[in-house]
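Only one structure is covered here, and it is reproduced in the block below.
Just so it is clear, the model here is predicted, and its values are computed rather than measured. Proteins come first, then strands; the chains are lettered A, B, ... in the order of their sequence lines, and each starts at number 1.
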Number of protein chains: 2
Amino acid sequence: MELQLNKLNKTFENRIRLGVMSILMVNDWVDFNSLKDLLKITDGNLASHIKALEAETYIEINKQFINKKPNTSYRATLLGRKAFNEHLNILEKIIKQK
Amino acid sequence: MELQLNKLNKTFENRIRLGVMSILMVNDWVDFNSLKDLLKITDGNLASHIKALEAETYIEINKQFINKKPNTSYRATLLGRKAFNEHLNILEKIIKQK
DNA sequence: ATAAAGAACTTTGTTCGGCAAAGTAACAAC
DNA sequence: GTTGTTACTTTGCCGAACAAAGTTCTTTAT
């Protein structure tokens, strides 16, 4: 029996970042307010977690204007998808003790 | 789409406590040093996480002497098993966005 | 030009959690 | 009573998470 706890990705242990990545794994581009509504957190809090994901290049950002209003959207990068899947695989191994 | 992030159990978000519970889900009684070796952490650190799990009544404790030496063992309570399974179910829902 | 408004950050300050290291208690053996 | 081992507690530090307040950027109105 060999647990691989330290192979878990710290970035994805936080529930907010887990939520953001889960959303971006199944939706191509999602904007700031959609994330905010889904996650039910303050804008400042969301911004800081997004910043952390962007710092790891796990998500990418697109800024534009829609209906004369600023609109920022995000999507998972290839690296982000890979890292997230890897995290989930490790998680499964730990839980099921494979 | 409705994420249920706040239904995740805070006690199981920490990787050490996740590891302890994972071990105790598939092994009946496990002693202190076995856990310490598997998790590769200091005894003080392990003790504090065990304390947290015990405070929630997620694990129970048995103290005895084996070969003239003190030996403390732990196992998951029924409540602990239930809570852990529930946590994993929520986790799966979030990840797979059911 | 200037002001007002909205979106998306950033900053500030507090609180909490995790951790190592050192210290302590309990019991056994002698 | 002294020593040894295990398990646990305390201490102190550092970093993460969060809310709330402040800031920036651009558009639209005046």
Close N or O pairs between protein and nucleotides 22-24 of chain C (under 3.5 Å):
none

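- Here dC19(C) presents its P atom at 15 Å from NZ of K40(B), a figure rounded to the nearest Å.
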Collect all protein-nucleotide pairs involving nucleotides 14-18 of chain D in which both atoms are nitrogen or oxygen and the distance is under 3.5 Å.
from: dA17(D); atom 1: OP1; to: N14(A); atom 2: ND2; distance (Å): 3.0
from: dA17(D); atom 1: OP1; to: R17(A); atom 2: NH2; distance (Å): 3.3
from: dA17(D); atom 1: OP2; to: R17(A); atom 2: NH1; distance (Å): 3.2
from: dC18(D); atom 1: OP2; to: N45(A); atom 2: OD1; distance (Å): 3.3
from: dC18(D); atom 1: OP2; to: N45(A); atom 2: ND2; distance (Å): 3.4
from: dC18(D); atom 1: OP2; to: H49(A); atom 2: NE2; distance (Å): 2.8
from: dC18(D); atom 1: O5'; to: N45(A); atom 2: ND2; distance (Å): 3.2

key: From CA spacing to verdict: side chain to side chain contact (heavy atoms under 4.5 Å, CB included), L53(B), F12(B)   = CA-CA 9 Å; L53(B) 289 169; F12(B) 303 133; 4.1 Å; yes
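- Taking atom CG on L46(A) and atom P on dA8(C), their separation rounds to 10 Å, with Å as the unit.
- Taking atom CG of L53(B) as the reference point, atom C1' of dC8(D) lies 15 Å away to the nearest angstrom.
- Put simply, Y74(A) has no side-chain N or O that comes within less than 4.0 Å of OP1 or OP2 on dA8(C).
- Between the CG atom of N71(B) and the P atom of dC8(D) there is a distance of 10 Å, given to the nearest Å.
- Side-chain contact between I61(A) and E54(A) is present, with at least one heavy-atom pair separated by less than 4.5 Å.
- More than 12 heavy atoms of other residues, nucleotides or ligands shown are found within 6.0 angstrom of CD1 on I66(B).
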- Take R75(B) and I59(B), measure what side chain to side chain contact (heavy atoms under 4.5 Å, CB included) needs, and give me the verdict at the end. CA-CA 5 Å; R75(B) 78 167 166 188; I59(B) 63 175; over 6 Å; no
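- Atom CG in D31(A) sits roughly 17 Å away from atom P in dG6(C) (whole-Å rounding).
- Between K69(B) and dT6(D) there is a side-chain polar atom (N or O) within less than 4.0 angstrom of OP1 or OP2.
- Just one of N71(B), N62(B), T72(B) meets the side chain to side chain donor-acceptor pair (under 3.5 Å) condition when paired with D31(B); it is N71(B).
- Taking the six-membered ring for Trp and thresholds of 30 and 60 degrees, Y74(B) and F32(B) have ring planes inclined between 30 and 60 degrees apart.
- Between dA7(C) and N33(A), no contact under 4.0 Å exists linking OP1 or OP2 to a side-chain N or O.
- When the side-chain nitrogen and oxygen atoms of K63(B) are compared with OP1 and OP2 of dC8(D), one or more of them lie within a distance under 4.0 Å.
- Atom CG of N62(B) and atom P of dC8(D) are 11 Å apart (whole Å).
- Residues D37(B) and S34(B) bring no donor and acceptor atom of their side chains to less than 3.5 Å of each other.
- Comparing P70(A) and I41(A) against DNA chain D, the residue whose closest nucleotide sits nearer the 5' end is I41(A).
- Put simply, the side chain of H49(B) reaches to within 4.5 Å of the side chain of N14(B), judged on heavy atoms.
- Here the C1' atom of nucleotide dA7(C) and the CD1 atom of I61(A) are 14 Å apart, to the nearest Å.
- Taking CD1 from I95(B) and NE2 from H87(A), the interatomic distance works out to 7.5 Å, rounded to the nearest 0.5 Å.
- A sub-4.0 Å separation between OP1 or OP2 of dA7(C) and a side-chain N or O of T72(A) is absent.
- One can place CZ of F12(B) at 17 Å from C1' of dG17(C), the figure rounded to the nearest angstrom.
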